[in-house]
Amino acid sequence: MTMPKFYITTPIYYPSGDPHIGHCYTTVACDSIARYKRMQGYDVMFLTGTDEHGQKIEDKARDKGVTPQQYVDEVVATFKKLWSYMNISYDRYIRTTDDYHVESVQKIFKELYDKGYIYKGEYTGKYCTPCESFWTESQLDADGCCPECHRPVKEASEEAYFFKMSPFADRIEKLLTETDYLRPKTRATELVNNFIKPGLEDLCVSRTSFTWGIPVTFDPKHVVYVWVDALSNYCTALGYKNNKYNDYDKYWPADVHMVAKDIMRFHAIIWPAILMALDEPLPKHLAVHGWITFQNKNGEAQKMSKSLGNVVDPFMLGERYGVDAIRYHILREMALGADSAFSNEIMINRINSDLANGFGNLVSRTVAMADKYFGGTLPETRLEGDFDQSLKDCLLSVREKVDKCIDETRLKNALEEIFVAVDRANKYIDETEPWVLGKDESKYDRLASVLYNLLESIRIISTLLSAFMPTTMPEVWEQIGANADICTYENAGKFGVLPANVTVHKGRILFPRIDMDKEIGELNAIIEKNMAEAKAKLNADEAAETFTPAPLAEQVTIDDFAKVELRVAEVKACEKVKKSKKLLCLQLDDGFGGRQVVSGIAQWYKPEDLIGKKVIIVANLKPVTLCGVESNGMICAADAPDGSARVVFPDQTLPNGSKIR
């Protein structure tokens with residue numbers, strides 16, 4: 001029997017910084033759908049990756065003093081580490097710097113050019129570097145900034161190639177308004193009114209102002225602009241126009257592309273247009289979710305932003321609460337298409353109410369009672385009673401409801417349906433009162449029935465939850481006397497699968513209840529520290545942008561400059577000068593027997609920060625006495641934008657006494 005195919009993708013993330021919980025939502029959502037589809041028997045291809053070209057990457061690499069490739073390699077390693085930590089089961093990881101992708105994109109660009117859809121022109125307009133997006137004057141926000149990130153744009157003018165969009169306007173409008181391509185469909189009106197009705201403008205698809213990109217084969221001074229490069233990944237990762245893979249015909253078209261709303265336009269309009277021009281099938285669905293917004297201690301919502309310091313570190317959250325609790329929380333809070341507020345209180349309340357008090361308590365109570373009353377192994381004799389059928393009807397209806405939610409990419413609703421069953425099972429405990437039955441041995445047959453029904457309920461619930469919380473559910477199965485062979489999708493539609501004499505095994509508390517007040521205090525302290533550091537960095541960056549260098553001094557001749565001896569020295573000891581708040585006294589190994597130098601940098605450096613560092617000194621200054629301490633030279637430092645002085649540290653491998661020339 002041929003397995004049905006299912007292809008799901010995350011966007012390929014831009015590695016301009018470390019991944020955060022916003023990246024986690026999309027990836028965990030796709031991972032949960034992929035796991036569920038595998039459980040249903042589908043042959044799944046789950047793709048994720050990174051979009052590694054562009055001006056912003058080139059700029060960031062230059063600022064760090066590394067090559068763009070070195071820069072993206074480092075960030076990509078962090079992405080992969082996080083996906084491993086979050087138990088993401090992707091089948092393929094694509095990088096736009098991969099050779100096979102480069103080959104495919106160059107062929108795609110050439111084909112579009114040969115078909116007459118790409119032509120050379122000149123771009124003049126507004127450009128947003130952070131978003132790598134061109135905008136017309138009418139598309140800017142009320143402040144004249146980028147309509148996506150609301151940061152300033154700049155004038156850009158350069159030779160470029162353009163992709164003709166207008167031939168596809170009618171087909172794209174029908175795609176958005178008359179089909180189930182876009183989810184939620186409510187966003188179609190916004191796209192049609194903002195971009196299609198005013199007239200689809202041709203798309204700039206190459207750049208000449210930077211070099212970090214895929215060269216256009218027939219015009220190498222141009223590099224392919226990011227959206228043709230990035231969007232093509234969904235096909236090239238399957239072997240489209242390359243020999244790396246050979247499963248394009250098997251998996252394409254994609255069943256689901258999942259993206260955040262800030263890149264909806266590119267996937268809803270530009271990507272279909274490119275595929276139409278290539279005469280390739282269109283993806284079946286584009287699922288668009290909102291942003292995770294950060295709710296500060298004043299209750300104000302802010303978009304997750306590294307510049308605000310409120311990007312919550314998923315590694316830190318996972319260490320505190322467990323990866324599955326974080327996976328559950330972000331999926332349970334985010335409705336498709338809407339933003340989701342994130343706060344410490346919301347997260348802890350969700351973990352406590354649903355996982356600790358709800359599902360975790362159901363498991364621990366049931367296992368504990370089976371252990372207490374029957375030594376862990378249930379007797380095979382049974383006595384059915386009131387409430388049994390109602391419980392079974394509820395549990396046996398859950399799988400079909402979850403199936404529908406998964407097919408419609410409504411993960412929040414899928415989890416809600418599962419937790420209706422959790423609540424029903426907990427209510428069943430209150431209805432049957434097993435602790436009362438346990439006091440009368442003549443009622444043990446009824447008690448055994450009650451506990452068996454509860455264990456079966458947990459089996460069905462945990463099977464469905466395993467797609468969302470894959471780390472914890474095997475522990476549940478161990479505690480209730482089940483395993484992966486029993487906890488299958490097929491069996492999630494049946495009641496009575498566990499052996500009649502099932503044996504339970506008490507284990508750890510799966511989701512410990514969190515002390516709200518204590519935890520809130522600790523988390524707020526962490527976030528406020530991060531925000532203060534981010535604000536300080538932002539202020540420093542802004543100061544650097546407005547920094548005006550001191551005027552140049554009168555010119556000197558080479559003979560004048562040759563009189564100054566600059567040498568490398570190593571700080572061996574350092575202490576504050578007692579009579580001064582500004583001076584440090586440094587003992588230096590200058591390669592000539594050592595010397596003492598006094599420097600006015602005490603307000604910016606602690607003595608211990610300098611010991612062992614190499615510095616540059618003016619070595620042939622006449623000695624002077626400062627606050628009663630002799631100084632034989634001067635430490636070289638530079639003016640910083642914030643008015644401080646920053647010591648110039650040379651390469652640590654340079655020998656002491658090396659001459660600077």
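This is a predicted model, so every value here is computed, not measured. Side-chain atoms are counted along with the backbone in the values below, which use heavy atoms only and exclude waters and symmetry mates.
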Rounded to the nearest 0.5 Å, what's the gap from [atom1] on [X] to [atom2] on [Y]? Could you check?
{"X": "Leu203", "Y": "Ile118", "atom1": "CG", "atom2": "CD1", "value": "9.0 Å"}
{"X": "Phe168", "Y": "Leu175", "atom1": "CZ", "atom2": "CG", "value": "13.0 Å"}
{"X": "Lys64", "Y": "Gln70", "atom1": "NZ", "atom2": "CD", "value": "10.0 Å"}

### Message
Set out, in order, the CA-CA distance, both residues' side-chain angles and the distance that settles side chain to side chain donor-acceptor pair (under 3.5 Å) for His101 and Asp229, then state yes or no.
### Response
CA-CA 9 Å; His101 175 77; Asp229 176 5; 2.7 Å; yes

[X] vs [Y] aromatic rings, parallel, tilted or perpendicular, using cut-offs 30° and 60°?
{"X": "Tyr13", "Y": "His23", "value": "perpendicular"}
{"X": "Trp212", "Y": "His53", "value": "perpendicular"}
{"X": "Tyr25", "Y": "His289", "value": "perpendicular"}

### Task
Please say which of Arg332, Arg410, Lys401 ends up in a salt bridge (Lys or Arg N to Asp or Glu O under 4.0 Å) with Glu416.
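For Glu416, the salt bridge (Lys or Arg N to Asp or Glu O under 4.0 Å) check succeeds only for Arg332.
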
Looking at [Y], does the NZ or CZ of [X] lie under 6.0 angstrom from its six-membered ring centre and within 45 degrees of the ring axis?
{"X": "Lys284", "Y": "Tyr7", "value": "no"}
{"X": "Arg207", "Y": "Tyr161", "value": "no"}
{"X": "Lys5", "Y": "Tyr42", "value": "no"}
{"X": "Arg399", "Y": "Tyr489", "value": "yes"}

## Note on the structure
Tightest non-hydrogen contact, residues Tyr36 and Ala467, listed as N-CB, 3.8 Å

#### Entry: Among Asp98, Asn242, Leu231, side chain to side chain contact (heavy atoms under 4.5 Å, CB included) partner for Thr236
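It is Asn242, the one option of Asp98, Asn242, Leu231 that forms the side chain to side chain contact (heavy atoms under 4.5 Å, CB included) with Thr236.
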
### Query
Between the side chains of Gln106 and Thr217, is a donor N or O closer than 3.5 angstrom to an acceptor N or O?
no

### Query
Just checking, any donor-acceptor pair under 3.5 angstrom between side chains of Arg92 and Thr48?
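Side-chain D/A pair, Arg92 to Thr48: absent.
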
Under 3.5 Å, sequence neighbours excluded: what are the donor-acceptor pairs made by side chains of residues 264-275?
unit_1 : atom_1 : unit_2 : atom_2 : d
His267 : ND1    : Ile263 : O      : 3.0
His267 : NE2    : Tyr234 : OH     : 2.7
Trp271 : NE1    : His257 : NE2    : 3.2

### Task
For atom OH of Tyr127, decide whether the heavy atoms of other residues, nucleotides or ligands shown that lie under 6.0 angstrom number more than 12.
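Counting other residues, nucleotides and ligands, OH of Tyr127 exceeds 12 neighbours.
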
### Query
So does Lys185 pair up with Asp180, basic N to acidic O under 4.0 Å?
no

#### Entry: Candidate pair Tyr100 and Tyr245, rule ring-ring contact (aromatic ring centres under 6.0 Å, His included), full reasoning
CA-CA 9 Å; Tyr100 74 90; Tyr245 298 107; 5.5 Å; yes

